[in-house]
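Following: one structure in structure tokens, then a few remarks.
Just so it is clear, the values below take in all heavy atoms, side chains as well, and ignore hydrogens, waters and symmetry mates.
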Amino acid sequence: MTKSIKLLAVLAAVASGATAIAQQAPAPSAGLLGQRYAQASFGYFDIKNSPVDAFAAGLGVNLPISASLDVGLSYAHGWIESFSDIDSDVVVGDATFIHVSDTFKTFTTLSLGYDWNDFQERTIWGARAGAEFRLTPRAALALSAGYDDDFKSGNNGLWDGTARANYWTTDKVALIGSVSWIEGGDVGFSIGAALRF
């Protein structure tokens with residue numbers, strides 16, 4: 001049960017996590033880095049060796065502070081199928097630092113949040129590093145690795161590797177999809193849309 005609650009918190013973070021890697025750049029780009037936007041997302045979590053599935057829905061906003069610093073705020077609600085009493089809510093704030101090179105953008109994100117459900121409440125933190133690559137004038141791919149944990153004693157943290165792609169269908173709207181491979185063999189999928197403002 002503890003693993004399911006931990007994984008549900010990670011899923012909620014994945015569902016809202018694209019907000020954590022949006023940045024400010026001098027001009028609009030194909031990716032989410034460098035954009036100011038609001039986002040809605042839905043996630044599905046395949047728990048290894050378990051007939052139980054987990055889901056999450058999230059909302060987030062990203063606001064660039066400078067060309068190299070971004071802040072974001074996101075909320076996600078997660079639930080485990082077949083266990084209606086296991087719901088989780090997560091609020092996360094983050095700061096992302098970006099470096100722009102000639103061919104791609106690298107980023108590092110530090111996050112702090114609060115996770116609560118019927119069984120526990122905890123303060124959570126995370127760190128993520130990755131790079132975003134332009135595929136076409138309207139599409140980009142971001143690859144990253146992250147670690148999420150809480151401040152309680154014990155082995156509560158999980159590593160993940162995430163691939164996220166986005167495509168701008170118009171100048172204001174992007175479709176987003178991601179897949180995360182999570183320590184222990186679990187896999188999270190997320191789809192969503194961003195509205196640039």
Which label fits Phe151 and Trp125: parallel for a plane angle under 30°, tilted from 30 to 60°, or perpendicular past 60°?
tilted

Nearest heavy-atom approach of Lys152 to Glu121 is NZ-O, 3.4 Å

Are Phe107 and Leu141 connected, step by step, through hydrophobic side chains (Ile, Leu, Val, Met, Phe, Trp, Tyr) whose heavy atoms are closer than 4.5 Å?
no

Give, for atom OH of Tyr44 and atom CG of Asp46, the distance between the pair rounded to the nearest 0.5 Å.
4.0 Å

Sidechain-backbone polar pair: Ser111 side chain, Gly126 backbone, donor-acceptor under 3.5 Å
yes

How far does CG of Leu59 sit from OG of Ser41, to the nearest 0.5 angstrom?
7.5 Å

Main chain of Asp171, side chain of Arg196: is a donor-acceptor contact present, judged purely on distance under 3.5 Å?
yes

From CA spacing to verdict: side-chain contact (heavy atoms from CB on, under 4.5 Å), Thr108, His99
CA-CA 9 Å; Thr108 303; His99 174 73; over 6 Å; no

First locate atom CG of Asp148, then atom CG of Leu158, and finally report the distance between them rounded to the nearest 0.5 Å.
7.5 Å

Holding to ring pair (Phe, Tyr, Trp, His ring centres under 6.0 Å), I want the full list of residues that pass it with Trp159, two or more places apart in sequence or in another chain.
Tyr147

Which heavy-atom pair separates Ala95 from Leu69 by the least distance, and what is that distance?
CB-CD1, 4.2 Å

Do Phe197 and Leu175 sit in the same hydrophobic cluster, where Ile, Leu, Val, Met, Phe, Trp and Tyr count as joined when their side-chain heavy atoms come under 4.5 Å apart?
no

When you compare the side chain of Tyr167 with that of Leu135, does any pair of heavy atoms fall below 4.5 Å?
no

Let me confirm one number: the CZ-OG1 distance from Phe97 to Thr109, rounded to the nearest 0.5 Å.
8.5 Å

Within one Ile-Leu-Val-Met-Phe-Trp-Tyr cluster: Leu63 and Leu110, side-chain cutoff 4.5 Å:
yes

Euclidean distance, Glu81 CD relative to Asp53 CG, rounded to 0.5 Å
5.0 Å

Parallel, tilted or perpendicular, judged at 30° and 60°: which one describes the rings of Tyr75 and Trp116?
tilted

Given side chains that start at C-beta, do those of Ser88 and Asp115 come closer than 4.5 Å, heavy atoms only?
yes

Output for pair (Gln35 CD, Leu195 CG), nearest 0.5 Å, gives 11.5 Å

Between Asp186 (side chain) and Lys48 (backbone), is there a donor-acceptor pair under 3.5 Å?
yes

For the student: nearest non-hydrogen atoms of Ala139 and Ala30, plus distance
O-CB, 3.3 Å

Count I, L, V, M, F, W, Y as connected when their side-chain heavy atoms are under 4.5 Å apart, and connections chain through other members. Are Phe104 and Ile98 then in the same cluster?
no

Where do Asp87 and Asn117 land on the side-chain contact (heavy atoms from CB on, under 4.5 Å) test, with the steps shown first?
CA-CA 6 Å; Asp87 290 355; Asn117 58 47; 5.8 Å; no

Determine whether Thr123 and Leu112 satisfy the following criterion, side-chain contact (heavy atoms from CB on, under 4.5 Å), listing intermediate values before the conclusion.
CA-CA 7 Å; Thr123 303; Leu112 183 64; 3.9 Å; yes

Note: Ala194 and Ile176 closest approach over all heavy atoms is CB-CD1, 3.8 Å

Closest approach of Ser178 and Thr162, non-hydrogen atoms and distance?
CB-CG2, 4.3 Å

Are any side-chain N or O atoms of Glu132 and backbone N or O atoms of Leu32, one a donor and one an acceptor, separated by less than 3.5 Å?
yes

For the pair Ser180 (side chain) and Ile182 (backbone), establish whether a donor and an acceptor sit closer than 3.5 Å, ignoring hydrogens and angles.
no

According to side chain to side chain donor-acceptor pair (under 3.5 Å), who are the partners of Asp150, at least two apart in sequence or on a separate chain?
Arg122, Asn156

Between Thr136 and Trp168, is there a side-chain heavy-atom distance shorter than 4.5 Å?
no

Side-chain (Asp94) to main-chain (Gly72) donor-acceptor, under 3.5 angstrom:
yes

According to a 4.5 Å side-chain heavy-atom criterion applied to Ile, Leu, Val, Met, Phe, Trp and Tyr, with indirect links allowed, do Val100 and Leu33 form part of one hydrophobic cluster?
yes

